[in-house]
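The chain is numbered in sequence order, starting from 1.
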Amino acid sequence: MFQRNPSYSNPTPCNHLADYKLRYGLNGYKSIQHHLKTTPNGRTSIQNPDSKLPRCGSCDGYEGRLYICLICASISCSNHTLLHNQSENGHDLAVDVERAELYCYACSDQVYDPDFDRTVMSKHIVAAVLEKSQSAERSSKRRRFGSLDLLDLKKLKPLMSVKDQRSKSCYPLGLRGLNNLGNTCFMNSVLQVFLHTPPLSNYFLNDQHNRETCSKRPIGQLCLPCDIDRIFSAVFSGDHMPYSPAQFLYSWWQHSANLAFYEQQDAHEFFISVLDRIHEREWKSRSQDKENGDCKCIAHKAFSGQLRSDVTCMTCGFTSTTYDPCVDISLDLDAHDFSSRNIASKSTKPVDSSSKSTLSGCLDLFTRPEKLGSDQKLFCQNCQEMRSSVKQMSIRRLPLVLCLHIKRFEHSFVRRTSRKIDRYLQFPFSLDMIPYLSSSIIRNRYGNRIFASEGDEIDASSKFEIFAVVSHSGTLESGHYVTYLRLRSRWYKCDDAWITEVDEEMVRNSQCYMMFYLQKIPNYKPNEDLSCLPISPRNDAFQQIAGCC
């Protein structure tokens, strides 16, 4: 097992960044700061002083990502960054014009530097002060012309477009951008989900894990739940400026040494890794259910379910049943003409990216009986020898929060190739899981003569409502993760530091990679935000935002 270092130690930073700072110090950062433009929503970009559209110095293009060199201020598109670096010796560092993020030409990767982060954040502070000053001035004008202002507002309100409404800076409490720390969109996308998963937010915001009294703090040990608690406090503080979860990243690196480097990771693997670390820290201090051994840590209370696997001998009909815990369900993309009632081998044909799939088809495929191949014969306890068999999966117990992972990345060990499946997936916002429960699968298999048994009849609701979608755009080698959150019946796109309100149609058209559904509970609305939560026991101010409550 990986031995944890009791102190924080960052992975080796980019050598080109270290060389640049040694030669030029922070001069380039300071010069860029004068051209930073910050919006009330937390977006930061580079503004051209002469207001001209920025264009690549090599191809004169203006579409896609553009980068401005920190040394010569020339602009290059993503296709010509390496060319500029090769033609201009030592010109390694640049800034993304649209996102104001540090980028290394030589590494072809985003890099993180706390000094650059402070440069951007200081611009945020100045912008926030100016915004408050202008807001006070506008408020004073409204007091002087109150009746006229209200009358004009009533006239203009019906004429407001959807675009006008989305430009407002008043977002629900807890909706805050997360700065990209160097190819960490995989982390930011999952953290946004965690921050708005009701069981987790209730747990951390109600001081169930207090970093001030954590037993690991006095001896200087790392504690991932403490760093998660810190993020919750920062995000729900009422501050809308983007937050940098750098300490959490370093802590996660220490717990996951094999992933400690500045490269894009898989969001699903990160999701599993964080839940494992929470479980590892919490389970010792929580009592376990002595009857079934269920873990009572917050990670499993929120996401844990149980799968049932039935393997039936094709010679004598004997069925062997096993149960396995799960925190998510990984689904293959279904074929368009798939029929869940046919008992045959699951299709292994390549998926056509141009066709469509449905979530119900993926779940049908997951619970479809699968004839195991001749090289997969299993030992039959009744026949006492190896036999051909049929395997069928089902869900014995549903979790409170259902995570569905779509297998968009294919890896062939025979051909030694990997690819991404860009097929469109149609998914519902309201989901009924009854057809995929073990009790329903058994009824379909044997008819109504046999009903649920061995605890398969679950009292919990089988109906779920979606509250978050993590999507992946781009290719396997160069992709980007964003999260769509459903709060107060509205959808918000969380793209690192950028938060924007979007249409429902944009969510449906995204290349969904992970979908999160919350079990329907009486008298609870899953898409409500936590703006009206009381102040926490340790007096962290969860400030309400005018107009949001």
Side-chain angles (χ1 to χ4, degrees), residues 7-38 44-50 52 54-62 64-127 178-185 187 241-247 249-250 253 260-264 478 496-497:
S7 61
Y8 287 95
S9 62
N10 305 349
T12 305
C14 171
N15 293 330
H16 308 98
L17 174 61
D19 292 341
Y20 169 83
K21 294 181 70 175
L22 186 63
R23 294 174 60 188
Y24 301 101
L26 303 181
N27 294 331
Y29 295 174
K30 292 177 181 178
S31 62
I32 284 290
Q33 187 181 36
H34 297 299
H35 306 300
L36 292 176
K37 179 183 178 182
T38 303
T44 304
S45 58
I46 306 296
Q47 187 179 38
N48 200 337
D50 55 10
K52 291 182 179 179
R55 292 178 178 271
C56 174
S58 298
C59 66
D60 202 38
Y62 59 89
R65 292 289 182 87
L66 295 175
Y67 303 90
I68 181 170
C69 178
L70 277 175
I71 297 178
C72 66
S74 65
I75 296 177
S76 303
C77 66
S78 55
N79 295 327
H80 295 101
T81 53
L82 191 59
L83 177 63
H84 176 74
N85 175 247
Q86 292 173 344
S87 59
E88 300 291 341
N89 186 32
H91 289 216
D92 301 322
L93 273 297
V95 178
D96 189 320
V97 172
E98 185 181 4
R99 293 170 169 269
E101 294 173 351
L102 208 56
Y103 186 86
C104 178
Y105 283 157
C107 298
S108 298
D109 195 4
Q110 290 173 316
V111 292
Y112 175 69
D113 180 18
D115 291 328
F116 183 78
D117 193 31
R118 281 189 285 270
T119 301
V120 176
M121 294 308 295
S122 63
K123 186 69 174 183
H124 279 291
I125 295 173
V126 173
L178 300 175
N179 286 320
N180 193 306
L181 307 181
N183 251 350
T184 57
C185 59
M187 177 185 75
M241 292 187 294
Y243 175 74
S244 296
Q247 188 165 343
L249 177 62
Y250 301 150
W253 271 335
F261 44 82
Y262 287 102
E263 288 186 12
Q264 183 66 271
S478 178
D496 289 331

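- Residue Pro54 comes nearest to Tyr62 through the heavy atom pair O-CB, 3.4 Å, listed as atom of the first residue, atom of the second, then distance.
- Atoms OH and CG, from Tyr20 and Asp92 in turn, are 11.0 Å apart once rounded to the nearest 0.5 Å.
- Between His84 and Cys72, the closest side-chain pair of non-hydrogen atoms falls below 4.5 Å.
- For the side-chain contact (heavy atoms from CB on, under 4.5 Å) criterion with Glu101, the lone passing option out of Val111, Asn179, Asp496, Leu181 is Asp496.
- Two residues are said to be in side-chain contact when any heavy atoms from C-beta on lie closer than 4.5 Å; Cys59 and Asn79 fail this criterion.
- Of the inter-residue distances, the one linking Arg55 atom CZ with Asp60 atom CG reads 5.0 Å to the nearest 0.5 angstrom.
- Note: Leu93 CG to Cys14 SG = 6.5 Å, rounded to the nearest 0.5 Å.
- Between Val95 and the options Tyr29, Tyr67, Tyr103, Phe116, a side-chain contact (heavy atoms from CB on, under 4.5 Å) holds for only Phe116.
- Counting heavy atoms from C-beta outward, Leu102 and Leu70 have side chains that approach closer than 4.5 Å.
- Side-chain contact between Cys107 and His16 is present, with at least one heavy-atom pair separated by less than 4.5 Å.
- Atoms OG1 and CG, on Thr184 and Leu249 in that order, are 6.5 Å from each other to the nearest 0.5 Å.
- The structure places CG of Asn15 at 12.0 Å from CG of Leu22, a figure rounded to the nearest 0.5 Å.
- Taking all atoms of both residues into account, the shortest heavy-atom contact from Cys56 to Cys77 is SG-N, 3.3 Å.
- Between Arg23 and Gly90, the closest heavy-atom pair is NH1-CA, 4.4 Å.
- Under the side-chain hydrogen bond (donor to acceptor under 3.5 Å, both in side chains) criterion, Asp115 pairs with Lys21, Arg118, not counting sequence neighbours.
- The CD1 atom of Ile68 sits 8.0 Å away from atom OG of Ser74, with the distance rounded to the nearest 0.5 Å.
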